[in-house]
Amino acid sequence: MRVLLVGAGGVGTAVTRIAARRPFFELMVVADYDPARAETAVAALGADGDRFRAERVDAGDEAQVTALLERHGCDVLLNATDPRFVMPLFRAARAGGAAYLDMAMSLSRPHGERPHEKCGVKLGDEQFAQAAEWEEAGLLALVGMGVEPGLSDVFARYAADELFDEIEEIGVRDGANLTVDGYDFAPSFSIWTTIEECLNPPVVYEKDRGWYTTEPFSEPEVFDFPEGIGPVECVNVEHEEVLLVPRWVDARRVTFKYGLGREFTDTLRTLHLLGLDRTEPVTVPGPDGPVKVSPRDVVAACLPDPATLGDRMRGKTCAGTWVRGTKDGAPREVYLYHVVDNQWSMSEYGCQAVVWQTAVNPVVALELLATGAWSGAGVLGPEAFPAGPFLDLLTGYGSPWGLREQ
């Protein structure tokens, strides 16, 4: 397998450090708009970096990406950029005859008249619209293959296949007790992506109703997370699992709730109130005259890079899928989860917990594709594949998952 990894930020760098320990691929080309970032990621691998090459690429330039795929003979593109670049990279992979993996799907657009009741363009709609073309080409686009979405979807498939006869509800629940020394507000993941998913209308799925939306931060609940994290208030957030799971798993209801905490949600509400969550450029004075800048990009530039916070972070992060239904005629309720301790991920890989937890899952998926344990064509989510091989291999990577009866 020859892989083109686009994006050498926190998650992309973690991908290289995890993949360097595995023998399943021949070459991984690490490409970024900033060539220094790609070169730094490769150089940090030392003697383990023989199978890696650094390149510069503009993720928004489809022809440039396709040419890079062809120049290195890559048969798969792994997208580790933010969601703005999903569609150009998605199209470039198909044009280059390569498989495609991402960790976040094409962007949504709210309903023009009733944004907190009806869906407009849903996450992933643009990708699924091209599913027939991918299938006809015999190519696989494995979408939403990070941790959430990704591992959470694998958990949903495992629950359906192994733990339940009928499923009433699948609810992804994400929480952490992470703190960052020296910062009152320092998101552990891309603020650009965090704003996108948290301030868009959340989507809920009900079998008799289909997909519909609610107000941001709606339906708060306190969820007790395992391994010492404890109770965290979780709220509805727009996320890909709600759009993916019902396509392959039979459940009456699917939700996603994120343990943001009151201070975090208040900060996001303030950004929205001030218009600082907008992506459309605004004109501001500059030393050489007026310039156009995106308010959201300014917010991101003012905050620390999450990839650099590992040494200051303390605590654990938990991604998991809560499922309730029946088994053998009796009610059952479980929480399948994956916890990463920042102290462990920093000492073992030099990566903070959230980016490491995100990065390990596409690497596991790549290995399953390389060995033939997973295969397919078209635009498919993680739920479209058997869960057992993935969960076994994840444990083999030294990062076991857990199951708690509720």
Side-chain angles (χ1 to χ4, degrees), residues 10-11 14-15 17-19 21-22 101 103-104 142 144-163 170-178 188-189 223-230 232 234 237 239-241 244-245 249 254-259 306 310 313 315-323 333-349 351-368 374 381-383 385-406:
V11 172
V15 164
R17 294 180 184 182
I18 296 165
R21 303 187 184 189
R22 308 297 297 187
L101 275 78
M103 291 164 267
L142 175 49
M145 191 60 257
V147 59
E148 291 172 343
L151 178 56
S152 50
D153 304 73
V154 173
F155 284 149
R157 173 64 186 267
Y158 181 82
D161 289 349
E162 305 292 339
L163 305 179
I170 294 174
V172 179
R173 299 293 184 267
D174 179 300
N177 61 0
L178 294 168
S188 58
F189 203 69
F223 192 86
D224 186 19
F225 289 91
E227 298 195 21
I229 295 173
V232 180
C234 299
V237 167
H239 232 252
E240 287 88 345
E241 291 93 326
L244 286 170
V245 169
V249 177
V254 182
T255 59
F256 180 97
K257 292 189 179 183
Y258 200 176
M313 287 176 63
K316 300 176 181 179
T317 184
C318 178
T321 304
W322 163 75
V323 187
E333 190 174 336
V334 303
Y335 183 58
L336 301 103
Y337 64 90
H338 183 250
V339 172
V340 177
D341 187 322
N342 188 72
Q343 183 178 0
W344 174 84
S345 63
M346 285 299 296
S347 63
E348 186 71 14
Y349 286 91
C351 300
Q352 57 104 316
V354 176
V355 298
W356 189 91
Q357 188 182 47
T358 303
V360 68
N361 296 287
V363 180
V364 171
L366 285 173
E367 184 161 347
L368 292 174
W374 277 10
E383 317 69 359
F385 301 89
F390 188 99
L391 296 175
D392 289 345
L393 189 54
L394 180 63
T395 300
Y397 273 51
S399 190
W401 57 285
L403 187 156
R404 182 181 70 187
E405 296 283 349
Q406 299 286 87

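When a residue number appears, it is its place in the shown sequence, counting from 1.
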Exercise for the section: Walk me through it: do M103 and V11 pass the test side chain to side chain contact (heavy atoms under 4.5 Å, CB included)? Expected result: CA-CA 10 Å; M103 291 164 267; V11 172; 3.8 Å; yes

Under a 4.5 Å cut-off applied to non-hydrogen side-chain atoms, are [X] and [Y] in contact?
| X | Y | answer |
| --- | --- | --- |
| T317 | N342 | no |
| L368 | L393 | yes |
| F390 | Y158 | no |
| C351 | R17 | yes |
| L336 | L163 | yes |
| W356 | E348 | no |
| E227 | Y337 | yes |
| P226 | C318 | yes |

Straight-line distance of [X] [atom1] to [Y] [atom2], nearest 0.5 Å:
| X | Y | atom1 | atom2 | result |
| --- | --- | --- | --- | --- |
| L244 | F256 | CG | CZ | 12.0 Å |
| H338 | L391 | NE2 | CG | 10.0 Å |
| L151 | W401 | CG | CH2 | 9.5 Å |
| I229 | N177 | CD1 | CG | 5.0 Å |
| M313 | D341 | CE | CG | 10.0 Å |
| Y349 | R21 | OH | CZ | 4.0 Å |

Of all heavy-atom pairs between [X] and [Y], which one has the smallest distance, and what is that distance?
| X | Y | result |
| --- | --- | --- |
| L101 | A365 | CD2-CB, 4.0 Å |
| H239 | E148 | CE1-O, 2.8 Å |
| E241 | S152 | OE2-OG, 2.7 Å |
| A387 | V154 | CB-O, 3.5 Å |
| K257 | C234 | CB-CB, 3.8 Å |
| G144 | P382 | O-CG, 3.4 Å |

Handout entry: Donor-acceptor under 3.5 Å (E383 side chain, A156 main chain)
Key =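 No.
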
Practice task
Give a yes or no on whether the backbone of F385 and the side-chain of R157 come within a donor-acceptor separation of less than 3.5 Å.
Solution key: yes

Problem - Test side-chain contact (heavy atoms from CB on, under 4.5 Å) applied to E333 - qualifying residues, sequence neighbours left out - result: W322, R324, Q406

Practice task
Starting from the C-alpha separation in whole Å, work towards a yes-or-no answer on side chain to side chain donor-acceptor pair (under 3.5 Å) for E367 and Y397.
Solution key: CA-CA 11 Å; E367 184 161 347; Y397 273 51; 2.6 Å; yes

Practice task
Please name all residues satisfying side-chain hydrogen bond (donor to acceptor under 3.5 Å, both in side chains) with T255, sequence neighbours left out, ordered by chain then number.
Solution key: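 Partners of T255 under the side-chain hydrogen bond (donor to acceptor under 3.5 Å, both in side chains) test: E169, R173.
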
